[in-house]
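Structure first, commentary second.
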Amino acid sequence: MYPKADIPVFQMSLNRLGDEKYHYNLGKKLSKLRERGILIIGSGNIVHNLGIMDYDMFATPFEWATEFDKYICDAVVNREHKKIISYQSIGKSSKLSVPTKEHYLPLLYIAGLQEASDEVNFIYRGIQHGSMSMTCIKIG
């Protein structure tokens, strides 16, 4: 992305003991780094269910995967962070889309960093293998 490597990047690990609110609030605390021009990347998947994936990369996405991906993307665009934090409350599509949290949690950091003036762009939207969202969101 930046061939000159002139943008500082901060890498961190996930604390699996923290709940969704913990990760969101940690993102809010990271805003001081953003203010200093440090690039913060949340790398994961909104939908990530390897247990029932189709081995055909171009398989038709499961309905629940499309539903959940859209729900979360709409919440990011509309800055409805409570929906992103409490994603489990929407039921079956969230349970199938996020069977384990490690791929979803990075989004909570990014939501915590999102400011009212930030523009939201989707660099890519799509679901591979029926159950893996490859959606890429740029906020800033």
Could you walk me through whether M134 and I127 pass side chain to side chain contact (heavy atoms under 4.5 Å, CB included), step by step?
-> CA-CA 6 Å; M134 303 309 287; I127 297 176; over 6 Å; no

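- The side chain to side chain donor-acceptor pair (under 3.5 Å) check on N25 picks up nothing, with sequence neighbours excluded.
- Looking at K28 and L113, their side chains never come closer than 4.5 Å, going by heavy atoms from C-beta outward.
- For residues 120-132, every residue pair satisfying the salt bridge (charged side-chain N to carboxylate O under 4.0 Å, His left out) rule, not counting sequence neighbours, is listed here: D69-R125.
- The shortest side-chain heavy-atom distance between L26 and Y109 falls under the 4.5 Å cut-off.
- Taken to the nearest 0.5 Å, the CG atom of L96 stands 5.0 Å off from the CD1 atom of I52.
- The side-chain heavy atoms of I46 and C73, taken from C-beta on, include a pair separated by under 4.5 Å.
- Minimum heavy-atom separation, I72 to I84: CD1-CA, 4.3 Å.
- No donor-acceptor pair closer than 3.5 Å links the side chain of H129 to the backbone N or O of A59.
- Taking OG1 of T60 as the reference point, atom CD of E63 lies at 12.0 Å (rounded to 0.5 Å).
- Crowding of Y55 atom OH: a count of heavy atoms from other residues, nucleotides or ligands under 6.0 Å not exceeding 12.
- Counting all heavy atoms, side chain and backbone alike, G37 lies closest to I7 at O-CG2, 4.2 Å.
- Looking only at side-chain heavy atoms (C-beta outward), I137 and I123 stay at 4.5 Å or farther from each other.
- Distance check, rounded to the nearest 0.5 Å: OG of S131 to CE of M53 gives 6.5 Å.
- At a threshold of 4.5 Å between non-hydrogen side-chain atoms, the residues F58 and Q128 do not count as touching.
- Summarising the geometry, atom SG belonging to C136 is positioned 8.5 Å from atom OH belonging to Y124; distances are rounded to the nearest 0.5 Å.
- Going from atom NZ of K21 over to atom NE2 of H81 covers 10.5 Å, rounded to the nearest 0.5 Å.
- Side-chain contact between I38 and V9 is absent, with no heavy atoms from C-beta onward closer than 4.5 Å.
- Between H48 and Y104, the distance separating the two ring centers is not shorter than 6.0 angstrom.
- Heavy-atom neighbours of F122 CZ from other residues, nucleotides or ligands within 6.0 Å: above the threshold of 12.
- The minimum heavy-atom distance linking I110 with G42 is given by the pair CD1-N, 3.6 Å.
- Summarising the geometry, atom CZ belonging to F68 is positioned 7.0 Å from atom OH belonging to Y87; distances are rounded to the nearest 0.5 Å.
- Side-chain atoms of N15 and Y22, non-hydrogen and from C-beta on, do get closer than 4.5 Å to each other.
- Applying the side chain to side chain donor-acceptor pair (under 3.5 Å) test to D54 and every residue at least two apart in sequence or in another chain returns nothing.
- No side-chain donor-acceptor contact under 3.5 Å links S94 and Q88.
- Between K101 and E20 there is a salt bridge, with a side-chain nitrogen of the basic residue lying less than 4.0 Å from a carboxylate oxygen of the acidic one.
- Between S43 and P106, the closest heavy-atom pair is O-CG, 3.3 Å.
- The main-chain N or O of E102 is never found under 3.5 Å from a side-chain atom of T100 such that the two would form a donor-acceptor pair.
- Between V47 and F62, the closest side-chain pair of non-hydrogen atoms is not below 4.5 Å.
- Between the side chain of N49 and the backbone N or O of G51 there is at least one donor-acceptor pair closer than 3.5 Å.
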